There are 2 protein chains.
Amino acid sequence: MRRLGAIGHLTDQHREVLKQLPIRMVQLTKGQEIVPEGKPAASCCLVVDGLVHRTKVLSSGRRQIFSLHLPGDMPDLHSLHLPSMDHSLVATTPCEVGLIPHDAIREILRASPSLTDLLWRDTLIDAAAFRAWMLMIGQAEVPTRMAHLFCELFVRSFIVGLTEGWSFPLPVNQVDLADMLGTSAVHANRTLQELRVRNLIKFESGWVTIPEWQALAEFGLFDSSYLHPMTDRLELTLHSTL
Amino acid sequence: MRRLGAIGHLTDQHREVLKQLPIRMVQLTKGQEIVPEGKPAASCCLVVDGLVHRTKVLSSGRRQIFSLHLPGDMPDLHSLHLPSMDHSLVATTPCEVGLIPHDAIREILRASPSLTDLLWRDTLIDAAAFRAWMLMIGQAEVPTRMAHLFCELFVRSFIVGLTEGWSFPLPVNQVDLADMLGTSAVHANRTLQELRVRNLIKFESGWVTIPEWQALAEFGLFDSSYLHPMTDRLELTLHSTL
DNA sequence: CGTTGTGTTGACAAGAGTCAATGGCAGTGG
DNA sequence: CCACTGCCATTGACTCTTGTCAACACAACG
C-alpha cells in the first residue's frame with residue numbers, strides 16, 4: 001500500500017478493499033524460484049521482506065536480471081493477463097512473500113475501475129524501468145550503468161522507507177550485480193573499485209552509501225522521472241545537500 | 001483490431017465500440033517527432049501505415065531505440081496512465097498515424113472492463129518485448145542480437161499480415177538498426193555482412209528475406225512465446241519448411 | 001554537377017570477457 | 001581448537017569483441 005500510495009492516489013476505501021485480499025505468506029531461501037519461466041501463474045507475489053528478482057537464462061548460460069524488487073513491489077502483476085511467464089521470479093535473498101490468488105484480484109478489480117487503473121499504472125512504471133535499464137545497458141559504459149543502478153535503487157528504497165540517511169541495504173553479491181548490468185563479475189568488481197576510488201559510492205557488507213548524491217546522479221546520467229513517484233519529499237531529499 | 005484480435009479474444013461488440021472512437025489521421029515525414037520526451041500526452045497514437053519507433057537519447061549523444069512499431073500497434077498506450085513521456089515517439093519512415101484522444105479511450109474503457117483488460121494486456125506484451133530486447137542487448141553478442149531482432153520483426157509482421165512468403169518490409173537504415181541493437185553503425189554493417197555470408201538473411205532495398213527460418217531462429221536464440229500471439233497459424237508457418 | 005544520405009572498408013584503440021590463481025571469511029564438523 | 005569447505009572478492013595476464021576515426025564508393029536528387 002505504501003508503494004501504491006507513492007505512485008498514485010489511494011483512497012481509504014481502496015485500502016479497505018486491499019486489506020480484504022486473501023494472502024498466503026511464504027518464507028523463501030536465497031535462490032529459490034518463486035515462479036519458473038514458462039509456467040502459468042495462478043497467483044501474484046507481493047514482496048514483504050527481502051529482495052526478489054526477475055531473470056532469464058540464455059542457452060549460452062549467460063543470465064540477465066531484468067529487475068530487482070523491494071518490499072512492497074508486486075513483481076509478477078503482469079501474470080494476471082499473460083498466460084505464461086516469459087522469465088523466472090527468484091528470491092535474491094532469504095525473503096518473505098505473500099501470494100494473492102489471481103481470482104481474488106480479478107474480483108476486486110471488477111468492482112473498482114480506479115484500482116484497476118492504479119495496478120495498470122504500476123505495470124507501466126515497471127515497463128518504464130525496463131526502458132531505463134535497456135538504455136543504460138545498450139548505450140552507457142559499465143561505470144555509468146552501475147552508478148545509474150545505485151541511483152535507481154536508492155530512490156526506490158527511499159520511496160518505501162528503507163533508506164537510512166544516504167544509505168540503503170543491498171544484500172547482493174557481485175555476480176548478481178554483474179548480471180543486472182549485463183557485464184561479467186570480474187568487470188563488475190573492477191568497476192566497483194573505480195566508483196569507490198572516485199568517492200561516488202561505498203558498498204560493503206550489503207549496504208550502499210552515497211557520499212554525494214549530486215555527483216553520483218550526474219555520473220550515472222540519472223533522472224528519476226521514469227519512476228514517476230508522487231512524493232515531493234523525494235525531490236526535497238535529493239537536493240538537501242546542495 | 002487485427003492486432004488486438006491476434007493477442008486476445010475480440011467480440012463483435014468490442015469491434016463496434018472501437019469503430020466509434022474518434023480518430024484524427026496525420027501524415028508524418030521521416031524523423032518527425034510524434035510525442036517528445038518529457039511532455040504529457042493527450043491522445044494515443046495508432047500506427048496505420050509506415051514505421052514508428054520509441055527512442056531516448058543519452059546526454060553523451062548515444063541513442064537507444066526501444067521498440068519498432070508496425071501498423072496496428074499503439075506505441076504510446078501507456079501515456080494513458082503516465083503523466084509524462086519518458087522517451088520520444090518518432091516516425092521511422094514517412095507514415096500515417098491516427099490520434100485518439102485519451103478522454104475517448106477512457107470513456108469506452110469505463111464501459112467495458114474486458115476491453116480494459118485487453119489493452120492492459122497489450123501494454124504487458126509490450127513490456128515482455130522490452131525484456132526480450134534487454135536480454136539480448138545485455139547477454140548476447142551482436143550477430144545473435146541481430147538475428148533475434150529479425151526473427152521478432154518477421155513474426156510481428158506476419159501477425160498483422162505484412163509478410164510476403166519469407167520476406168517482410170523493413171525500410172530502415174543501418175544507423176537505426178545499430179541503435180536498436182545497442183551497437184555502432186560500423187559494427188552493425190559488419191555483422192550484417194556476416195549474417196549474409198552465413199546465408200541467414202538477405203537485407204536489401206528495405207526488405208528482409210529469411211532463407212531458412214529454423215537456422216535463423218536457432219542462431220538468434222529466438223523463442224516467439226514472449227510475443228504471446230494467439231495465432232496457431234503462426235506455428236504452422238514457422239514449421240512449414242521443416 | 002555538387003550535395004546528401006547511405007553503405008562499405010581499413011587501421012587502430014579501448015572496453016570488456018575469460019581464465020586462473022589468491023586470499024579472506026564464515027560455517028561446519030571432528 | 002583446528003582443519004576443511006564453500007562462497008565471495010580481488011588480481012594479473014591475455015584475448016577478443018567492439019567502438020572510433022577516417023576515407024571512399026555509390027545512388028538519389030535538386
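Quantities reported herein were computed from a predicted structural model and do not represent experimental measurements. Just so we're on the same page: letters track the sequence lines, and every chain starts at 1. Note that these values count all heavy atoms, side chains included, but never hydrogens, waters or copies made by symmetry.
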Heavy atoms from other residues, nucleotides or ligands near CD of E164(B) exceed 12 (cutoff 6.0 Å):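 Result for CD/E164(B): open.
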D176(B): partners by salt bridge (charged side-chain N to carboxylate O under 4.0 Å, His left out), with sequence neighbours left out: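 Listed in chain order: R63(B).
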Lys/Arg N to Asp/Glu carboxylate O, D86(A) vs K56(A), below 4.0 Å: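 K56(A) and D86(A): not salt-bridged.
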Presence of salt bridge, E194(A) and R190(A), under 4.0 angstrom: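 No, no charged N to carboxylate O under 4.0 Å.
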Test item: L170(A) and F168(A) side chains (from C-beta on) under 4.5 Å apart, heavy atoms: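 Of all side-chain heavy-atom pairs linking F168(A) with L170(A), at least one is under 4.5 Å.
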Side chain to side chain, F150(A) and L177(A), heavy atoms closer than 4.5 Å: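 A side-chain contact exists here, since the closest heavy-atom pair is under 4.5 Å.
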Aromatic contact, F154(B) with W166(B) (centres under 6.0 Å):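 Yes, close enough.
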Interface with DNA chain C, restricted to residues 60-69 of chain A and to heavy atoms under 4.0 Å: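 Those residues whose heavy atoms fall under 4.0 Å from DNA chain C, taken from residues 60-69 of chain A, amount to none.
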Contacting residues from residues 87-95 of chain B, given that a heavy atom lies under 4.0 angstrom of DNA chain C: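 Output list: empty, so none.
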H87(B) and F66(B) aromatic ring geometry - parallel, tilted or perpendicular at 30°/60° bounds: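 Perpendicular, since the angle between the ring planes exceeds 60°.
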Nearest non-hydrogen partners of D179(A) and Q139(B), listed with the distance: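 Here D179(A) and Q139(B) meet closest at O-NE2, 3.9 Å.
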Heavy-atom closest pair, residues P75(A) and V52(A):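 Shortest heavy-atom separation between P75(A) and V52(A) comes out as CG-CG1, 4.0 Å.
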Sugar-phosphate only, base, or nothing, as touched by T183(A) at under 4.0 Å among non-hydrogen atoms: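 Here T183(A) touches the backbone only, sparing every base.
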Axis deviation across the helix from dC1(C)-dG30(D) to dG30(C)-dC1(D), five-pair ends, to the nearest 10°: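 That helix has its two terminal axes inclined by roughly 30°.
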Nucleotide-resolved protein contact map, nucleotides 5-15 of chain C, B/S/- at heavy-atom distance under 4.0 Å: -SSBBBB---S
Contact letters for nucleotides 22-28 of chain C, in which S counts primed atoms plus P, OP1 and OP2 and B counts the base, heavy atoms under 4.0 Å: -------
Range on DNA chain D touched by chain A - first to last nucleotide, heavy-atom distance under 4.0 Å: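 Listing 5' to 3', DNA chain D meets chain A from dC8(D) to dA13(D).
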Please tabulate, for side-chain N and O atoms in residues 33-49 of chain A, each donor-acceptor pair with protein atoms closer than 3.5 Å (sequence neighbours left out).
from: E33(A); atom 1: OE2; to: S88(A); atom 2: OG; distance (Å): 3.3

Residue pairs involving residues 139-153 of chain B (criterion salt bridge (Lys or Arg N to Asp or Glu O under 4.0 Å); sequence neighbours excluded):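 As it turns out, the salt bridge (Lys or Arg N to Asp or Glu O under 4.0 Å) pairs with a partner in residues 139-153 of chain B, which skip direct neighbours, are E152(B)-R156(B).
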Steps toward side chain to side chain contact (heavy atoms under 4.5 Å, CB included) verdict (L221(A), L58(B)): CA-CA 8 Å; L221(A) 307 175; L58(B) 225 45; 3.6 Å; yes
Residues in ring pair (Phe, Tyr, Trp, His ring centres under 6.0 Å) contact with H69(A), at least two apart in sequence or another chain: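 H69(A): no ring pair (Phe, Tyr, Trp, His ring centres under 6.0 Å) contacts found.
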With sequence neighbours excluded, residues passing side-chain contact (heavy atoms from CB on, under 4.5 Å) with S167(B):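 Per chain and number, S167(B) pairs via side-chain contact (heavy atoms from CB on, under 4.5 Å) with W207(B), T209(B).
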Main-chain N/O of M180(A) paired to Q64(A) side chain as donor or acceptor, under 3.5 Å: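 Looks like yes, one N/O pair under 3.5 Å.
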Residues which pass side-chain hydrogen bond (donor to acceptor under 3.5 Å, both in side chains) with H53(A), listed by chain and number, not counting sequence neighbours: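 Checked H53(A) against side-chain hydrogen bond (donor to acceptor under 3.5 Å, both in side chains); matches are T92(A).
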